J.: 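My questions will all concern the structure given below.
Please read all numbers here as calculations on a predicted model, not as lab measurements.
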Amino acid sequence: MNKPLLVIDTNVVLDLLHFDDATARPLRFALEDGRVRCVVTDATLEEWRRVLAYPEFGLDDARQTALFSRYQTLAGTAKALEMCAGLPRCSDPDDQKFIELAAAVRAQGLVSKDRAVLKLRRRCAPVFRVMTPAEAVRWLDNTVACGRQSASCG
């Protein structure tokens, strides 16, 4: 069985790796254990690097480097992406790259807390799920449980 593939928005990555958010923690464990995969591009990694340098986080260079490297070890890198026609446009242009990545790699889901992304759930549904971290954890639990059962799951 192939491991589920997700795209994770930068704010959720912060919750996973910097804030150790309790809601998102099971998703981090699933990434660390290899029960789920995530994918990045140069553009999404560059956003991660830029966000880590925000003064409000107070991260010194060593901590920024450690967090950046940690995410690189958890994520696979997508190289050349084929753009998918007919994707919805996000009202926040900075989030469009995550939508395009999820569609291009045929991810099962895009995990985000961004309202602009979450508003696109129905329009993205034919291609991939848009989920909050809590929804992604429940979805992953159901996916793993179905993998252990017979074909009667969904």
J.: Any non-hydrogen side-chain atom of Leu17 less than 4.5 Å from a side-chain atom of Tyr71?
T.: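 Yes, side chains in contact.
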J.: Roughly how far, to the nearest 0.5 Å, is CZ of Arg121 from OG1 of Thr132?
T.: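 The CZ atom of Arg121 is 6.0 Å from OG1 of Thr132, to the nearest 0.5 Å.
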J.: Mind listing the closest non-hydrogen atom pair of Leu101 and Val39 along with its distance?
T.: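 Smallest heavy-atom distance, with atoms named: CD2-O, 3.5 Å.
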J.: Under a 4.0 Å threshold between the charged nitrogen and the carboxylate oxygen, would Glu47 count as salt-bridged to Lys97?
T.: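 Salt bridge between Lys97 and Glu47, a charged N being under 4.0 Å from a carboxylate O: yes.
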J.: With rounding to the nearest 0.5 Å, note down the distance linking CG in Leu45 to OG1 in Thr77.
T.: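 Answer for the CG-OG1 pair, Leu45 versus Thr77, is 6.0 Å.
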J.: Just how far is it from atom OG1 of Thr10 to atom CZ of Arg49, taken to the nearest 0.5 Å?
T.: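 If we round to the nearest 0.5 Å, Thr10:OG1 and Arg49:CZ are 12.5 Å apart.
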J.: Return the CZ to CD1 distance between Arg123 and Ile99, rounded to the nearest 0.5 Å.
T.: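 Interatomic distance, Arg123 CZ to Ile99 CD1, rounded to 0.5 Å: 9.0 Å.
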J.: Sub-3.5 Å donor-acceptor pair from the side chain of Gln96 to the main-chain atoms of Pro88, do we have one?
T.: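 Judged by distance alone, yes, a pair lies under 3.5 Å.
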J.: Answer yes or no: is there a side-chain heavy-atom contact under 4.5 Å between Leu5 and Gln108?
T.: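 In short, these two side chains touch, coming nearer than 4.5 Å.
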J.: Indicate yes or no: does Asp15 engage Lys113 in a salt bridge with an N to O separation below 4.0 Å.
T.: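 Salt bridge between Asp15 and Lys113, a charged N being under 4.0 Å from a carboxylate O: yes.
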J.: Going by an N to O cut-off under 4.0 Å, is there a salt bridge joining Glu32 and Arg25?
T.: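 Looking at Glu32 and Arg25, the cut-off is not met.
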J.: Applying side-chain contact (heavy atoms from CB on, under 4.5 Å) between Pro133 and each of Ile8, Leu16, Val111, Asn11, report the one that passes.
T.: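 Passing option: Val111.
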J.: Heavy-atom count check: over 12 atoms from other residues, nucleotides or ligands less than 6.0 Å from Asp92 CG?
T.: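 Enclosed: over 12 neighbouring heavy atoms sit under 6.0 Å from CG of Asp92.
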J.: Does a salt bridge link Arg28 with Asp21, judged by any charged N lying under 4.0 Å from a carboxylate O?
T.: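 Salt bridge between Arg28 and Asp21, a charged N being under 4.0 Å from a carboxylate O: no.
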J.: Could you check whether any side-chain heavy atom of Arg35 comes within less than 4.5 Å of a side-chain heavy atom of Phe29, counting everything from C-beta outward?
T.: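 Counting from C-beta outward, Arg35 and Phe29 do come under 4.5 Å.
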J.: To the nearest 0.5 Å, what is the distance between CZ (Phe19) and CG (Leu14)?
T.: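 So the CZ of Phe19 and the CG of Leu14 are separated by 5.5 Å.
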J.: Is the backbone of Val40 close enough, under 3.5 Å, to the side chain of Thr44 for a donor and an acceptor to pair up by distance?
T.: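 Checking the backbone N and O of Val40 against the side chain of Thr44, no donor-acceptor pair under 3.5 Å is found.
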J.: Distance-only, no hydrogens or angles: does the Arg37 side chain make a donor-acceptor pair with backbone N or O of Gly76 under 3.5 Å?
T.: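 Checking the backbone N and O of Gly76 against the side chain of Arg37, no donor-acceptor pair under 3.5 Å is found.
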J.: Could you check if a side-chain atom of Leu118 sits within less than 4.5 angstrom of a side-chain atom of Val130, using non-hydrogen atoms only?
T.: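 With C-beta onward as the side chain, the pair touches.
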J.: Any non-hydrogen side-chain atom of Ser112 less than 4.5 Å from a side-chain atom of Asp95?
T.: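 Result no, sub-4.5 Å side-chain heavy-atom pair not found.
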J.: Is there a side-chain contact between Met131 and Trp139, using heavy atoms and a 4.5 Å cut-off?
T.: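 They are in contact (side-chain heavy atoms under 4.5 Å apart), so the answer is yes.
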J.: Does any part of the side chain of Phe57, heavy atoms only, come nearer than 4.5 Å to the side chain of Gln64, both counted from C-beta?
T.: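 Answer no - side chains too far apart.
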J.: Is there a donor-acceptor contact under 3.5 Å from the side chain of Asp60 to the main chain of Ala62?
T.: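 Yes: the side chain of Asp60 pairs with the backbone of Ala62.
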J.: Given side chain to side chain contact (heavy atoms under 4.5 Å, CB included), test Cys124 with Leu110 step by step and report yes or no.
T.: CA-CA 10 Å; Cys124 290; Leu110 168 57; over 6 Å; no
J.: Step by step, would you call Gln72 with Trp48 a side chain to side chain contact (heavy atoms under 4.5 Å, CB included)?
T.: CA-CA 10 Å; Gln72 282 184 301; Trp48 175 234; over 6 Å; no
J.: Nearest heavy-atom pair of Pro4 and Val36: which atoms, and what distance?
T.: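 Looking at all heavy atoms of both residues, the closest pair is O-CG2, 3.3 Å.
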J.: Taking all atoms of both residues into account, what is the closest heavy-atom pair of Thr23 and Val137, and its distance?
T.: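 So the two residues come closest at O-CG2, 3.7 Å.
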J.: Can you tell me if Ser69 uses its side chain to pair, donor with acceptor, with the backbone of Ala66 under 3.5 Å?
T.: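 Flag not set: sc Ser69 to bb Ala66 has no pair under 3.5 Å.
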J.: How about Leu59 and His18: do any of their side-chain heavy atoms sit closer than 4.5 Å?
T.: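 Yes. Closest side-chain heavy atoms under 4.5 Å.
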J.: What I want to find out is whether Glu100 reaches Arg89 closely enough, with some N-O distance under 4.0 Å, to be called a salt bridge.
T.: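 Result for this pair is yes, salt bridge flagged.
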